[in-house]
S.K.: 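Following this message is one structure expressed as C-alpha cells.
Scope of the values below: all heavy atoms of this structure, side chains included, with no hydrogens, waters or symmetry mates. Below, chain A is the first sequence line, B the second, and so on; all start at residue 1.
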Amino acid sequence: MSANVQAIESYRNSFLKEVEANVEEGDWVKMCMQCGVCSGSCPLGPYWEHPPQEIFMLIRAGKREEVLKSSSMWMCTSCYNCIARCPRELPITHIMHGLATYAERLGMAPKNQPTRKFALKFWDNLTKKGRVNELKLGVSLYFMNGFVEGIKTALKAMPLGMNMYKTKRLNPMEYFGGHGVKDTSGLKAILKKAEEIELAKLKKTDA
Amino acid sequence: MSDVKIGAYICQGCGLGDRLDTAQLAQVAQRDAKANVVKEHEFLCSEAGIKMIQEDIDNEGVNRVAICACSRRAKTEAFTFEGVAVTRANLREGVIWVRPDTDEARETTQDMADDYVRMAVTEVKYQSPPTPNQETSYTRDILVVGGGVSGMTAALEASRAGYPVTIVEKTGALGGHAAHAWKGIPMHAPYADPEDNIVDELIAKVEADSNITVFLNSTLSRTDGAPGRFVAHIAQESGPVTDRKFGAIIQASGYRDFDANELPEFGYASNANVVTQTELDAMAKEANGAPLKTKDGKEVKNVVFIQCVGQRSDKEGHLPYCSGHCCLTSIKQAMYFKDANPDIDTNVIYTDLRTPGAGGEDFYRSGQRKGVTFTKGVVSEVVAEGDRLAVKFKDLILDEDTVEIADLVVLATGMVPNSGVDIEAIAKPADDEEEVDADGEVEPPQVELPVESILNLSYRQGPDLPHLKYGFNDSHFICFPYETRRTGIYTTGPVRRPMDAQQAMEDATGAALKAIQAVENAGKGRAAHPRSGDLSFPSFRREGCTQCKRCTVECPFGAIDEDEERYPQFNEARCRRCGTCMGACPVRVISFENYSVDTVGQQLKNIDIPDEFEEKPRILVLACENDAYPALDMAGMNGVEYSAFARIIPVRCLGSVNLIWITDAMNSGYDGVILMGCQKGENYQCHFVKGSEIAHIRMSKVDDTLQSLSLEPERVATYEIAITDIERAPKLINDMAETIEKIGMSPFKF
Ligand code: SF4
Ligand code: SF4
Ligand code: SF4
C-alpha cells in the first residue's frame with residue numbers, strides 16, 4: 001500500500017464495522033474513551049505489543065493487518081483486571097479473545113505465538129473426549145519445541161511426576177486412552193452444530 | 001455627637017466570670033474609658049441580659065453600646081439594637097480561649113481583657129449610629145446589554161420577577177451568536193441527540209413579553225449614574241438617542257470567534273473547505289437537513305474536527321484558556337453528518353475531550369455509539385491533497401505521525417469575550433508619587449482605546465468594567481460569581497467566562513437575581529455585596545480635602561467621580577463600604593459614621609502601653625474582618641494559643657488601613673504591628689478585590705517612616721491570610737513576639 005492509499009483508508013469506520021460484525025463483543029470497541037486504565041491494570045501489559053487501549057485505537061484508525069496479525073490479544077490470561085476497572089465497562093477480556101478467534105479464523109494469527117499454540121493444543125485435547133487429558137496435554141507441551149527439548153524438559157519434571165504418582169495425583173495409564181464424557185458422539189455433534197452456526201454468521205456478514 | 005451616652009455591658013458567661021476579674025473590667029470601662037453606664041451580667045445574651053440593655057437604651061438614653069463578651073461574629077442577632085451604635089469587645093474568642101488557664105497567665109490575660117474593654121468603649125464613643133443613604137429614589141427598570149441567549153434569558157427572568165426590562169442589542173436581530181446554529185447541544189435527558197436551537201423560542205418569549213422593551217441596532221453612547229439611578233443613553237443606528245433610567249445593568253455582550261486566520265497551519269485562509277464551527281453550523285442551518293456539501297459542491301464523505309485550535313495554548317497570540325463548549329459542539333456537529341448518513345466518517349481529533357455539564361458525558365457516549373471516531377492527537381498541519389484535504393497529525397495513543405484525508409475540516413476556535421475597553425491597560429493606578437504631577441494632579445491617560453466601549457460609563461475610572469483575566473469581565477469565580485467591580489452592573493454569559501448556551505441560561509438567571517438585589521438595596525440606601533445591608537457610607541470633609549485624587553483612583557469600585565470643582569464626588573450606591581478611600585486619604589478627611597480614622601486610631605491610643613521595664617511588649621494586629629479575623633476567632637475555638645501581648649483590631653478591608661495608624665502605633669510605643677489581609681494578585685481572595693493589594697503597596701513604603709524613627713523594619717509585617725489559616729495566623733503573632741524579644745522593646749514608650 002502506498003502512503004497515500006493508506007491515508008485514504010486511515011481513521012475510517014470500515015475495519016471497526018468489520019470487528020463489530022465478526023468479533024465477540026466487538027461493538028463495544030467504539031465506546032473506549034482511551035483512558036488507558038486497562039493497559040495499566042493488565043499484569044502482562046508491559047509485555048504486550050499493543051495493550052488493549054492501543055488495540056482499540058488501532059481498530060478505530062483502521063489498521064486491520066496490524067491488529068489481526070498482532071500477538072497482543074494472545075497475551076491475555078483472562079484475569080479480568082481490566083474489565084473490573086474499565087470506567088466505560090468494556091468487556092475487554094472477551095474482546096481480546098474474540099479478536100484472537102477472529103484472527104485465527106482468517107488465518108492471520110501469528111503462527112508461532114506460544115499461547116496460540118497452547119490454545120490449539122488445549123482445544124484438540126479437550127474436544128477429543130470432552131475432558132482435558134492433563135497428562136497428554138502436558139507431554140505434548142514438553143515436545144512443543146522439538147524432540148530433544150521435549151526429552152530434556154521431561155527429565156527435569158520427572159521428580160515432580162514421581163511424587164504426584166506416589167500421592168495418586170497422576171495415573172500413567174491415562175496416556176493410553178484416558179477418561180472422557182459418557183456420550184462422545186453427542187459432544188461431537190454439539191461442537192459440529194456450534195461450528196455451523198458460527199460459519200453461518202460469518203457468511204451473513206461477508207455477504 | 002451631641003449627647004453621647006455609652007453603655008458598657010460585661011458578660012460573665014461562657015467562663016468569662018471564672019477566668020477574668022469582671023469587676024475590674026467594669027472599673028476599667030467606667031474610670032479609664034468613661035462609659036456612662038456599666039453593668040455586669042452573668043449571661044448577657046440571655047433574654048434577661050438583652051432586656052437589661054434594651055431598657056437602658058429606652059429609659060436611660062444609652063445610644064452607644066459596648067458589648068464586652070464574645071466575638072463580633074457570634075450572637076450577632078441577639079446583640080442587634082436599632083438606632084444605636086454597637087461594638088464588641090472580644091473577650092471570649094479573643095482572650096480566654098487563646099490563653100492558657102494557669103496562674104502565671106492570669107495577669108497577662110486580664111491585661112488583655114482590660115485593653116479590649118477600653119478599646120470597645122473608645123471605639124463606640126467615636127461611632128454614630130448609621131443612617132441610610134438619603135438618596136433612595138430609585139427605578140426598578142433593568143437594562144440588559146446584548147440580546148443573545150444570556151441577555152434574553154436574563155431579561156425574561158427579571159421580567160418574570162416583576163421588573164421591567166429593556167434590551168439594547170447592537171445588531172438588527174435578537175439571538176446573538178447562537179442564532180446562527182442549526183441545532184443545540186442537548187439540554188434534556190437522555191442527552192443523546194442535538195436538540196432544536198433554543199433561540200427561536202427565546203425570541204418568541206421576549207417578543208411576547210409586554211414588560212420587555214427591545215432596542216435593535218442600538219448601542220450605549222453613554223451611561224451615567226449609580227445603582228438605582230443609572231441613566232443610559234441608547235443610540236439607535238441613524239436614529240435618535242433615547243435616555244432611560246435604570247436601577248441595575250446586566251451586561252451580556254457575549255463573545256466573538258477567535259480569528260482562525262491567525263493560525264496559518266490549519267489552512268483556513270487558503271482552503272474553502274476548512275471552516276470554523278460557527279461556519280459549519282451556518283452551513284447546516286442553510287441546508288436544514290439536506291446533505292452538507294463541500295464548498296465546491298461535492299458530497300462529503302469524510303470530516304475531521306480539530307479541537308483546541310489556538311486554544312489552551314501558551315503560544316503567543318493564542319488563547320490560554322478552554323472555551324468549554326467546543327468539544328460538545330464538535331460532537332453535535334459530527335452527529336449532523338452521522339445522523340444523516342452513518343457511512344460518512346467523522347473523526348474528532350482532541351488532546352483532552354472536555355464535556356462539562358450534566359449531560360456532557362452522555363452526549364459523548366452517544367457520539368461514540370453513532371460511530372463518531374475520537375482520536376487523541378495533535379494536528380500539525382492541514383494541506384491541500386488534490387481537491388481534498390490532508391490532515392497531518394500525531395496520534396498520541398499510537399504514538400506515530402499520521403495523515404487522514406478529508407473533504408471538510410472543522411476548526412474549534414475559541415471564544416473571545418466582548419468585554420469592551422481594558423481600562424486597566426490604559427490607566428495604571430497612580431500608586432506612585434511620580435504619576436502625580438507638580439500640581440498634585442494625576443495625568444489623564446492619553447492612550448488610544450483599542451476596542452469600542454460597550455457601556456461608555458461616565459465613571460472617572462474608565463468606560464467599561466475592569467477585566468479580571470484573559471479579558472473576561474468576571475470577579476471572583478468561586479466567592480462572588482456575577483459580581484463585577486462596578487456595583488449594580490453584572491455580567492453574564494461568555495463575557496464573564498467561556499460557557500455554552502445551557503450554562504449561559506443558568507448564569508443569566510443568577511445575574512437577573514443579582515440585578516434585582518442591587519435595585520432593591522439601592523432603594524433602601526444600603527450596601528450590596530459583600531457588606532450587604534450596611535447602612536453606613538463614606539463622606540468627606542470638603543474643607544480639608546487637598547484634591548489629591550487618591551480616593552478616586554484607589555476605590556476598587558469606581559464609586560468616586562469628580563465634581564465640577566474637582567472635589568471627589570461619592571456615589572454611595574456604587575460604594576461597597578470597604579474603606580479603601582479612607583485608607584488612601586493622606587489628610588484623613590474620609591470617614592463612615594461607624595468606621596473612621598478615629599474609631600480605630602483612638603482605640604490603639606487607648607491601649608495601655610506598659611513601660612519598658614515591665615517586659616510586656618504590645619503588638620498591634622490589624623486584621624481583615626472577612627478572613628483573618630474569623631481565622632483568629634477559630635484559632636480560639638480550637639484552643640490554639642497566641643501571645644498575650646497582641647491586641648487585635650478588625651478592619652473592613654486591609655485597604656482601609658490608613659498609614660497614620662501605623663505611624664501613631666509606632667509613636668505610642670507599640671513594639672510590633674501586623675497587618676493581616678486576604679490574598680492579593682491574580683488569584684485574589686480580597687472581598688474588595690484590590691484592597692489587600694493596595695494595602696501591600698502602601699505598606700511597602702512604610703520602611704521610610706520606620707527609618708525616620710530609627711526603628712527596625714521587622715517591627716511591621718504584612719501578611720496574606722486565608723480563613724483557613726487557623727494555625728498560621730496565631731503563629732505569625734507569636735513569631736512577632738519572638739522577633740521583639742530578639743530586637744528588643746520599642747524605645748518610644750513613655
Ligand atoms: S483479562 Fe486479559 S487484557 Fe484484561 S488485564 Fe487480564 S490479561 Fe490483561
Ligand atoms: S479502561 Fe476502558 S475506556 Fe479506558 S482505555 Fe481501556 S477500554 Fe478504553
Ligand atoms: S473605596 Fe470603598 S468605601 Fe470608598 S468609595 Fe470606594 S467602595 Fe466605597
S.K.: Can a donor-acceptor pair be found, under 3.5 Å and without considering hydrogens, that links the side chain of Gln53(A) to the backbone of Gln34(A)?
M.R.: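 Indeed, once roles are kept as given, a pair shorter than 3.5 Å links the two residues.
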
S.K.: For the candidates Leu396(B), Thr375(B), Thr373(B), which exhibits the highest count of non-hydrogen atom pairs separated by less than 4.5 Å from chain A?
M.R.: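 Highest number of pairs under 4.5 Å: Thr375(B).
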
S.K.: Side chain to side chain contact (heavy atoms under 4.5 Å, CB included) between Leu44(A) and Thr77(A): does it pass, once the steps are laid out?
M.R.: CA-CA 8 Å; Leu44(A) 293 175; Thr77(A) 59; 3.2 Å; yes

S.K.: Does some side-chain heavy atom of Thr355(B) sit less than 4.5 Å from a side-chain heavy atom of Phe363(B)?
M.R.: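 Result no, sub-4.5 Å side-chain heavy-atom pair not found.
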
S.K.: Using a cut-off of under 4.5 Å for heavy-atom pairs, which of Lys17(A), Glu20(A), Arg60(A), Met31(A) has the most such pairs with chain B?
M.R.: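 Ranked by contacts with chain B, first place is Met31(A).
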
S.K.: Rounded to the nearest 0.5 Å, what separates atom CZ in Arg354(B) from atom OG in Ser323(B)?
M.R.: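 Going from CZ on Arg354(B) over to OG on Ser323(B), the span is 10.5 Å.
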
S.K.: With a 4.5 angstrom heavy-atom cut-off, could you sort out which part of Asp343(B) is near chain A: side chain, backbone, both or neither?
M.R.: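 Both parts, heavy atoms under 4.5 Å.
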
S.K.: In terms of heavy-atom pairs under 4.5 Å with chain A, which of Thr402(B), Leu398(B), Asn347(B), Thr346(B) leads?
M.R.: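 That would be Leu398(B).
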
